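To start, the structure itself, in structure tokens.
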Amino acid sequence: MFLARPQALKAQGILGMNKRNIDFIGRYNPRKYYKRVDDKLTTKQLALANDIAVPALIGTVCQQHEISHIPEMVNNKDGFVIKPSQGSGGKGILVITKVDNGHYFKPNGNEVTPSEIDRHVSNILSGLFSLGGKPDVAIVEGLIQFDPVFDGYSYEGVPDIRLIVFKGFPVMGMLRLSTAASDGKANLHQGAVGVGLDIATGKGLHAVQFDKPIDFHPDTDKKLTDIVVPHWDTLLHTASKAYEMSELGYLGTDMVLDQQLGPLLLELNARPGLAIQIANGQGILPHLRHVEQMKNKTMSVEERVAYAKTHFSHSARS
């Protein structure tokens, strides 16, 4: 837990919201590029153009009259995900893990009727879940078959990996695990577990739920710091590549591990939250200042990842 006194926070290198907004988001994220990350459909198209793997696109629903096409879209699919293109914070995401003769089931086994799906998509189109309440587009994606390495570490939902990237350098990572409290969603504000990860190895270092340290998953009783995220180098390289793709200097990358397809980029965030510092038990500011001091150094993705693993790992700060 971090002390609330400003001097103590500064001593621990904690990045606060005002400093984040002014010194990093405001300075390094040109507003003209925000659409590349705020619109998930645009992000997906950019990723594909840059050879970055993403979940399969089944289709989109742009107009109310197109809602009737959804049963045809998902016909013969084992499951699917419907999400708002301009949503934030995990709002408006509907996950269907089983399709059986026109019947749809959520991860917890509860059935969702076709009329409920229609109403959900209609709400997406009306802007109920979008930034600023603007009319939106519903994206229908293939279901992610999450890597069995996470069995027992996540409750119902798909775990995801958040990496903060600054000027192309992955500087801090976190694994987000769903819980019963978070309703199967990997959202820390809703009660998901955050596990800080060593940048060099992808090993769990420290875990929190509702900003309080924990050792074991509240629903599965798995020891959280035992986990080591596989495909770690690929995840770091994907996150680093997102810098050139988005042209945003301060970026959050959210990725998942599919059993067959490996690492997939879910979305990018131009305003990544600060809770990753709590999950890691340390502040991110020293890493950001370190990168800022590396002026006029042009590095490839491979060089940036190697540098980050050397300078921002747990062992480097021990």
Side-chain angles (χ1 to χ4, degrees), residues 1-2 12-17 20 24 37 88-90 146-147 149-150 153-155 157-166 169-179 181-182 185-218 222-240 242 250-257 263-288 305 308-309 312-314 316-317:
M1 294 292 288
F2 295 129
Q12 294 181 63
I14 305 302
L15 178 66
M17 188 174 293
R20 180 203 66 173
F24 296 98
V37 300
S88 64
F146 75 87
D147 195 302
V149 72
F150 295 127
Y153 285 102
S154 194
Y155 180 83
V158 177
D160 72 10
I161 299 100
R162 159 67 60 90
L163 283 164
I164 301 294
V165 181
F166 183 48
F169 294 85
V171 291
M172 190 168 279
M174 166 176 65
L175 177 66
R176 297 185 293 197
L177 304 169
S178 55
T179 64
S182 71
K185 294 177 182 175
N187 187 306
L188 297 190
H189 298 296
Q190 293 177 308
V193 168
V195 183
L197 300 171
D198 181 25
I199 281 291
T201 63
K203 186 184 186 306
L205 300 171
H206 182 263
V208 295
Q209 184 186 34
F210 295 118
D211 295 343
K212 296 181 179 178
I214 59 172
D215 294 317
F216 301 91
H217 192 286
K222 277 266 195 177
K223 189 174 182 181
L224 295 162
T225 52
D226 281 348
I227 197 162
V228 180
V229 177
H231 307 291
W232 186 242
D233 272 10
T234 303
L235 289 162
L236 291 176
H237 281 76
T238 299
S240 183
Y250 186 72
L251 192 66
T253 64
D254 295 339
M255 294 169 285
V256 292
L257 293 183
L264 302 175
L265 177 67
L266 269 188
E267 60 183 81
L268 302 175
N269 194 319
R271 315 164 193 81
L274 300 168
I276 192 169
Q277 299 175 104
I278 303 173
N280 275 269
Q282 66 149 354
I284 197 172
L285 193 55
H287 295 344
L288 302 178
V305 167
K309 289 173 70 173
F312 307 138
S313 70
H314 178 66
R317 65 177 185 262

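Everything numeric in this text was worked out from a predicted model, so none of it was measured.
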ring-ring contact (aromatic ring centres under 6.0 Å, His included) with Phe166: which residues, sequence neighbours excluded?
Phe24, Tyr28
For Arg271, side-chain hydrogen bond (donor to acceptor under 3.5 Å, both in side chains) partners two or more places apart:
Asp38
With a 3.5 Å distance limit and no angle check, can you tell me whether Gln209 reaches the backbone of Ile214 through a side-chain donor-acceptor pair?
no
Is any side-chain heavy atom of Leu205 less than 4.5 Å from a side-chain heavy atom of Leu197?
no
Using 0.5 Å steps for rounding, measure from the CZ atom of Arg20 to the CD1 atom of Ile284.
11.0 Å
Looking at Asp233 and Lys309, is any side-chain nitrogen of the basic one under 4.0 Å from a carboxylate oxygen of the acidic one?
yes
So, Asn280 side chain and Gly173 main chain: donor-acceptor pair closer than 3.5 Å or not?
yes
Is there a donor-acceptor pair closer than 3.5 Å between any side-chain N or O of Thr253 and the backbone N or O of Leu163?
yes
Pairwise side-chain contact, Tyr153 with Asp226, heavy-atom cut-off 4.5 Å (strictly under):
yes
Heavy-atom donor-acceptor pair, Gln277 side chain to Leu274 backbone, under 3.5 Å:
yes
Could you tell me whether a side-chain N or O of Trp232 sits under 3.5 Å from a main-chain N or O of Lys203, the two making a donor and an acceptor?
no
Looking only at non-hydrogen atoms, find the nearest pair between Gly252 and Ile164 and report the distance.
CA-CD1, 4.2 Å
Suppose we screen for side-chain contact (heavy atoms from CB on, under 4.5 Å). Which residues come up paired with Ser154, at least two apart in sequence or across chains?
Pro159, Leu177, Ser178
Specify whether His287 and Phe312 have parallel, tilted or perpendicular ring planes, treating 30° as the upper limit for parallel and 60° as the lower limit for perpendicular.
tilted
Are any of the side-chain heavy atoms of Pro263 and Met255 separated by less than 4.5 Å?
no
Derivation and outcome, side-chain contact (heavy atoms from CB on, under 4.5 Å), residues Lys212 and Ile278
CA-CA 8 Å; Lys212 296 181 179 178; Ile278 303 173; over 6 Å; no
Closest heavy-atom pair, Leu188 versus Ala192, reported as atoms and distance to 0.1 Å, is CD2-O, 3.5 Å
Taking the side chain as every heavy atom from C-beta outward, state whether Ser313 and Thr201 have any atom pair closer than 4.5 Å.
no
If you measure from NE2 on His189 to CZ on Phe210, what distance do you get to the nearest 0.5 Å?
11.0 Å
Please walk me through it: do Phe216 and Lys222 pass side-chain contact (heavy atoms from CB on, under 4.5 Å)?
CA-CA 5 Å; Phe216 301 91; Lys222 277 266 195 177; over 6 Å; no
Between Arg176 and Asp160, is there a side-chain N and carboxylate O pair less than 4.0 Å apart?
yes
With side chains defined as the heavy atoms from C-beta onward, is the minimum distance between Val171 and Ile199 less than 4.5 Å?
no
Is any side-chain heavy atom of Gln282 less than 4.5 Å from a side-chain heavy atom of Met172?
yes
If you define the side chain from C-beta out and look only at heavy atoms, does anything of Ile14 sit under 4.5 Å from Leu285?
no
Is there a side-chain contact (heavy atoms from CB on, under 4.5 Å) between Val193 and Val208? Walk through the geometry before answering.
CA-CA 6 Å; Val193 168; Val208 295; over 6 Å; no
Would you check if the side chain of His206 reaches a backbone N or O of Ala279 as a donor-acceptor pair within less than 3.5 Å?
yes
Pair Ile161, Asp254 - check side-chain contact (heavy atoms from CB on, under 4.5 Å), show working.
CA-CA 6 Å; Ile161 299 100; Asp254 295 339; over 6 Å; no
Val165 vs Tyr250 side-chain heavy atoms within contact, under 4.5 Å
no
